[in-house]
Amino acid sequence: MTNTLRTPYDGVVIAAPVTIPYVRYSIESAQWWIGRALSTLVAQAGIKASDIDGLCVSSFTMGTDSGIGLTQHFGLCVRWLDTIPLGGASAIAGLRKAARAVQARDADIVACIAGDTNHVDSFRLTLENFSRFNQDAVYPYGAGGANASFALIARNYMRTFGVTREDVGRIAVAQRANALRNPHALMKTPLTMEQYLAARPISDPIHLFDCVMPCAGAEAFLVMRDETAASLGLTAARLLSTIERHNAFADDPIQVRGGWAMDIGELYAMAGVKPDDLDIVQTYDDYPVITMMQFEDLGFCNKGEGAEFVRQHDLTIDGDFPHNTSGGQLSAGQAGAAGAYLGLVEGLRQVLGTAGPTQVRNASLALASGFGMINYDRGLASGAAIFAGPSR
Amino acid sequence: MLQRCEACGSFAYPAREACPSCLSAGLAFVDAPRQGVLLAETTARVPSDVYFRERAPWRIGLVKMDCGPTIVTHLHADCVEGAPVRMSFQLDKSGQAVAFAHPEGETPNMADDKQWREMTADPKFRRVLVTNGRSMIGQEAVAALKAAGAKTVFVGVAEPWRPFAGEQLLRGQDGIEIVTLDAADEKSAADLAADIGGKVDILVNTTEYVRPGGLLDRRGTSIARDEIDQAYLGFINLAQAFGPAMRMRGADGINNSAAWVNILSVHALANWPAFGAYSASQAACMSLSHCLRAELRPGGVRVMNLFTGPVDTEWFQTVPPPKVAPRAIAQAIVSGLRGGLEEMYVGDVAEEIRQRLGANPKALERELDR
Amino acid sequence: MQSNNLLELAGAVSSGAVRVVDLTFTLSPDFPVIVLPPEFGQAAPVRIQEISRYDGRGPAWYWNNVTFGEHTGTHFDAPIHWFTGKNLPNNAVDTMPAKDMIAPACVIDCSAQAAQDPDFLLTVPLVEAWEAKHGRIPERNWVLLRTDWSKKGWRDYSNLKDDGAHTPGPNAAVMKWLVEERGVIGFGTETIGTDAGQAGHFEPPYPAHHFLHGAGRYGLQCLCNLDQLPATGAVIVASPLKIQNGSGSPLRVIALVAST
Ligand SMILES: [Zn+2]
């Protein structure tokens, strides 16, 4: 393990994991969903809204609003504010910033919230307006979003490393099994491997069950120092380490690895743990093949061994490698930017022992990762965090 | 065309404002080497975009250019993963320049590829209406389109009771149908559209009404009225008669309605006082063409404007060379349709005016005054 | 005339005792117009543009804007049309005497000759032969030249060749003679123009125009249904639009014919 010169996250804790149950389509605004998350945070933590002095938000569908508008909207008076537009990496990035803010006492309690609505046309509007490179050089090809871009990455990855659809399908099938234990998951029927393989093609090799279902929802948590949590009587998880990387491996002609591969040495060194020590892993699963890549890039196996890894492990809640225990975005739904928070918030519940029907026994050490921003031909942003519950 | 850094020579794509290798702002579009390798392909079966959904399945790929950048591209059906491809930028039906990958070598019936045909308006297999078969340009256009494989060429003839030179060549030819059309007459255009409007895939507006003279040396407005009647109102009549059906048929199978071609004087762009009123009528038509382009765009029908200098016909007899041969215009129509272009400049005069207009419009105005 | 004679006429029209023959072609954009060399100004063709048709442009009504040249369709030529008549008084359609709009007609049937020769010309001897049979042409009568040209398809009707139109008409001598010796009120044809297609080469050029208008007489052209008229005895009603200083106009020409 490599040494790190980074300042440890000593004294930084995460509390009050909140999920506002998802719906497929919502006539409410993103601001409504964020407001519900904020309200639930306050209630769950037993604090007053005025105790929150830091706010970090992520959303695709707030229109022209940003975090600053929300302060007035919600009557918050904060001394630290950030709006994080990093898609699937927003939760990790927000957590990192909030952690340093409370550590440096720029704020005492930071509410990190992501929420999006899903009108019937908002998915398309988000696609059309995603990024300039996307508008110029991807949208006109009819891809209209991530499916075709990820299809190209998936096809190259699968061909290069001899990965079959069945290998990738194990991830999706296991997550569906987990989702059946999550009452808030949008997918409520079992998924067999036969069904997975027989699904209709969307953009070869991506088939229906490789795709997330866009929906409306919100996720949130609080970041504070341990003494603040103690004074509020809150049980909290300790943040052990994080990484974040953008536009890694720009010379790879097509994406076969994410930025994690550059930084995992530091990730584990800072946390003082090994991959094997983790009880829970929550990857960013906008497509199962990206999860398979993360298993490699996060150090659970070598590059090219992801397929073998999933063949050797049981990824369900009761398995030997509990992964995306809520069902992940594939089976719980992707509520826009809240999709970035889904794994982290579920991981927090797991290490706090509050996950209920999806609880993994004795879970105390978790990793959550994020990935996002297909700006052009690849996901640019990656991040990961390791955190531990009070029992560890 | 790709951006190349003037400082370090690296190529960049998608277009940007700073070189990703050295941060120089000097990124000029240059003709880049066209070779690359197809890294991966996918077939989008349920694209979210309505246009592509109608045309699904649609194949795209990621190409690593030999000169550096990686390009998301439309694929010719004969492109194979891992094999070399040849790239070009084409105007898609929304008028946006998009990358298209061809296999490096020739393959059989290469131009008939479904996705390639979406990028172009190749007259092959299509039914074309040439609106004015009385003119030399119209007749040459008919011949060129027929030679290019058009299935049927309808040739509009106004005042069919008036014989005209070249009439015999048009009659009795397989795949050429003479139809009565006086574009300047609202009812004539509407009647013909009622008859064949549903099977015009390409409309070539060859209306030609050239009269010399500017403002002060002409008396009255009757010639100007005729110019407006023929060129401008004729355009409107054609557009109103044929445009709506063409817009609806933009996704009508492989031989969908594809393009509308206008032949305009380059003096639409800069008035030529010797033919000053005529120039103005052409400017009006050019303006209309932009309106038509916007209105046909939702249907995926292209509007191509072909700008020419004086043509080698009787109305330009007094004009010294260089002049454009009607046949050259006809060939340009075909090549422009095959390339899916929006604008073409045919002949030396047109090309010169295009360049000089860009360089110094006031100087050009003075020059045209001679 | 007694006013009851007029009522009698109206009754006869109503009962069919007097037939009304329409000598007019439908005014439409596709009707041929005269073709002059392109360096000359051209007659604007007929254009009919819809203003509304029980639609958003006018929910309960249908109407058109119509434009045309003065000399399009079945039309009337006033003396001012030709240089020879330019200085005459009351020489335009708005100032011509209204009484000139009703006059009897002599119909000279040359349909057999015209069928043989598109360049057939009416001559003085031919008119004299007609007079031998039907009597002398009275003063202030129309002379209508029947050629059955109006029954042809448009292409044969205009019959344009490389050297211009080839259609029948009067020669110069007969026009001078009809105007000066017979005092006709006007001359009418089925063809485009009161003159023959090749009359530009005559001396004087376009003699029908030259002599008729120079003497303040009128022309009618593009007539049809002349075959339904008797050689004598029909009364022509030809009232052109009252266009200010107009040289002519499209019009509805009718003939009143006593039933036999
Ligand atoms: Zn550079």
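Minimum interatomic distance between A:A148 and B:I60 (heavy atoms only, all atoms of both residues): CB-CD1, 3.8 Å. The two atoms that bring A:P253 and B:T70 nearest to each other are O-OG1, 3.3 Å, heavy atoms only. Closest approach of A:F133 to B:A15, counting heavy atoms only: CE1-O, 3.3 Å. Residues B:F52 and A:P140 share a closest heavy-atom pair of CZ-O, 3.1 Å.
To the nearest 0.5 angstrom, B:R45 atom CZ is 12.5 Å from A:I206 atom CD1. The distance from atom OG of A:S203 to atom CD of B:E41, rounded to the nearest 0.5 Å, is 10.0 Å. We find the CZ-CG distance between A:R155 and B:L62 to be 12.5 Å, quoted to the nearest 0.5 Å.
With respect to B:L39, the side chain to side chain contact (heavy atoms under 4.5 Å, CB included) criterion is satisfied by exactly one of A:I153, A:D377, A:L152, A:I254: A:I254.
Among A:A151, A:P201, A:A250, the residue with the largest count of heavy-atom pairs under 4.5 Å with chain B is A:P201.
Using a 4.5 Å cut-off between heavy atoms, B:A56 does not touch chain A at all. Residue contact with chain A, scored on non-hydrogen atoms closer than 4.5 Å, is absent for B:R55. With a 4.5 Å cut-off on non-hydrogen atoms, B:Q96 touches chain A through its side chain but not through its backbone.
At most 12 non-hydrogen atoms from other residues, nucleotides or ligands lie less than 6.0 angstrom from CD1 of A:I27. Heavy-atom neighbours of B:R338 CZ from other residues, nucleotides or ligands within 6.0 Å: above the threshold of 12. Within a 6.0 Å radius of CE in A:M193, other residues, nucleotides and ligands contribute more than 12 heavy atoms.
The aromatic rings of B:H74 and A:Y141 are tilted relative to each other, their planes meeting at an angle between 30° and 60°.
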Checklist entry - Taking it one step at a time, do B:E81 and A:N156 satisfy side-chain contact (heavy atoms from CB on, under 4.5 Å)? => result CA-CA 9 Å; B:E81 269 180 339; A:N156 177 69; over 6 Å; no

